[in-house]
Amino acid sequence: NAGVTQTPKFQVLKTGQSMTLQCAQDMNHNSMYWYRQDPGMGLRLIYYSASEGTTDKGEVPNGYNVSRLNKREFSLRLESAAPSQTSVYFCASIEKNTGELFFGEGSRLTVL
Amino acid sequence: EDQVTQSPEALRLQEGESSSLNCSYTVSGLRGLFWYRQDPGKGPEFLFTLYSAGEEKEKERLKATLTKKESFLHITAPKPEDSATYLCAVQPNDYKLSFGAGTTVTVRA
C-alpha cells in the first residue's frame, strides 16, 4: 500500500531552470493538494484539485502551474525556478469521509 | 481570509509534565479542524478531526478539544517519543485546508 508517492525526493536547480514534481496516490481520493513548507511558516497551500479535471489556486500560486492528469496523478511545475522557491514540497490527498490528509514524504528543492 | 495561529511556537517539557497547545482560527465557515504530528524530515501524520464546538477526541496521551474560536491539544504525562511538531489546520466550506505554523514540542527524559 504505497499511499502518496512523490518524486523526486531531492533536486537542485539553477535559477531559471524548469522542473516538474510528480505525485501519485493509490487510495482513489478525489481531492489532491500541493503545499510548500518553509521554516517558521508552516505549510502553505500552492494549488489544489477538488476533483479530476479541476484545479484551483491556494495561498501562494505565483511561479507554479499544476496538472491533474487523472484521478491518481497531480503534478506541480516550476517554469522558471527562483531562489525563493527553495523549499520542501508536499503532495497530499484527502479521505473525504474522515477528512484525513495523507501526505507524501516530501520533495526537497534547492534553487541556486 | 482564513487564518490559523498556533501558540506557543516552541514548548520544552520534562517527561511527565502535562501541557496544552493552542490553535486559534478565523474562517468563513468550518467544515473541520485537524491536528497533525510531524517528525523531522517526514510528512505530517494525521491525529484528529474535530467538526463542531464541544467535540473532544483522544488518542493515547493526546486529547483535542474544540470551541467556536480555538482548539487545544492537551498532552498528558508526555514521553520523549511525543517530541514532534504539532500542526493545526482548518477546512472552511470548500476543499481548501489552511495550516498554522506549528508548535514544536521537546520532551526531555
Side-chain angles (χ1 to χ4, degrees), chain A residues 2-7 9-10 21 23 25 27 29-61 66 68 74 87-108, chain B residues 1-10 21-52 55 57 59 64 66 71 84-105:
Chain A
V4 179
T5 304
Q6 289 181 235
T7 56
K9 288 186 169 51
F10 300 94
L21 300 176
C23 175
Q25 52 92 8
M27 295 169 284
H29 292 161
N30 287 324
S31 301
M32 297 184 71
Y33 303 80
W34 275 106
Y35 288 90
R36 61 177 288 174
Q37 188 172 37
D38 302 293
M41 301 192 73
L43 287 156
R44 291 184 291 169
L45 182 62
I46 305 171
Y47 271 92
Y48 69 103
S49 171
S51 61
E52 185 179 356
T54 69
T55 60
D56 288 283
K57 295 178 180 180
E59 303 170 60
V60 289
V66 291
R68 184 72 184 269
F74 188 37
S87 188
V88 180
Y89 291 86
F90 287 99
C91 177
S93 65
I94 195 166
E95 165 55 51
K96 185 179 180 180
N97 292 333
T98 63
E100 179 178 350
L101 266 177
F102 291 81
F103 284 86
E105 293 187 352
S107 298
R108 285 155 180 76
Chain B
E1 186 176 321
D2 304 326
Q3 286 193 333
V4 183
T5 304
Q6 291 188 246
S7 61
E9 290 184 12
L21 285 56
N22 177 265
C23 171
S24 62
Y25 62 90
T26 55
V27 293
S28 53
L30 186 66
R31 182 187 289 268
L33 183 140
F34 306 83
W35 282 98
Y36 287 82
R37 169 194 170 122
Q38 186 174 25
D39 294 306
K42 295 190 176 181
E45 176 186 340
F46 173 78
L47 292 173
F48 305 108
T49 307
L50 302 166
Y51 294 103
S52 57
E55 189 174 0
K57 289 195 176 174
K59 180 179 181 179
L66 181 65
S71 176
T85 296
Y86 292 87
L87 300 168
C88 171
V90 296
Q91 187 179 33
N93 290 325
D94 56 26
Y95 288 92
K96 293 172 66 174
L97 279 87
S98 298
F99 280 81
T103 295
T104 299
V105 175

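The model shown is predicted, which means the values in this text are computed figures rather than measured ones. So that the names make sense, note that chain A is the first sequence line, chain B the second, and so on, each numbered from 1.
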| Around atom NZ of Lys57(B), are there more than 12 heavy atoms of other residues, nucleotides or ligands at under 6.0 Å? | yes
| request: Let me know if Arg44(A) has heavy atoms under 4.5 Å from chain B in its side chain, its backbone, both or neither. | output: neither
| Quick one: what part of Glu105(A) sits under 4.5 Å from any heavy atom of chain B, side chain, backbone, both or neither? | backbone
| query | So which residues of residues 50-57 of chain A are in contact with chain B at a heavy-atom cut-off of under 4.5 Å? | reply | Ala50(A), Lys57(A)
| task | Could I get the full list of side chain to side chain donor-acceptor pair (under 3.5 Å) partners for Tyr36(B), not counting sequence neighbours? | result | none
| said: Going by side chain to side chain donor-acceptor pair (under 3.5 Å), name the residues that satisfy it together with Gln6(A), two or more places apart in sequence or in a different chain. | reply: Ser107(A)
| query | Which heavy atom in Tyr33(A) sits nearest to a heavy atom in Leu45(A), and how many Å separate them? | reply | CD2-CD1, 3.9 Å
| message | I need the residue from Pro44(B), Gly102(B), Ser98(B) with the largest number of non-hydrogen atom pairs under 4.5 Å to chain A. | response | Pro44(B)
| request: Please look at Gln38(B) and chain A and tell me whether the side chain, the backbone, both or neither of the residue comes under 4.5 angstrom of a heavy atom of that chain. | output: side chain
| request: May I ask you to decide if Cys23(B)'s main-chain N or O and Gln6(B)'s side chain share a donor-acceptor pair within less than 3.5 Å? | output: no
| query | Are Leu101(A) and Phe34(B) side-chain neighbours, meaning at least one heavy-atom pair lies under 4.5 Å? | reply | no
| Contact check, side chains of Glu95(A) and Met27(A), non-hydrogen atoms, under 4.5 Å | no
| remark: Phe102(A) meets the ring pair (Phe, Tyr, Trp, His ring centres under 6.0 Å) criterion, sequence neighbours left out, with His29(A)
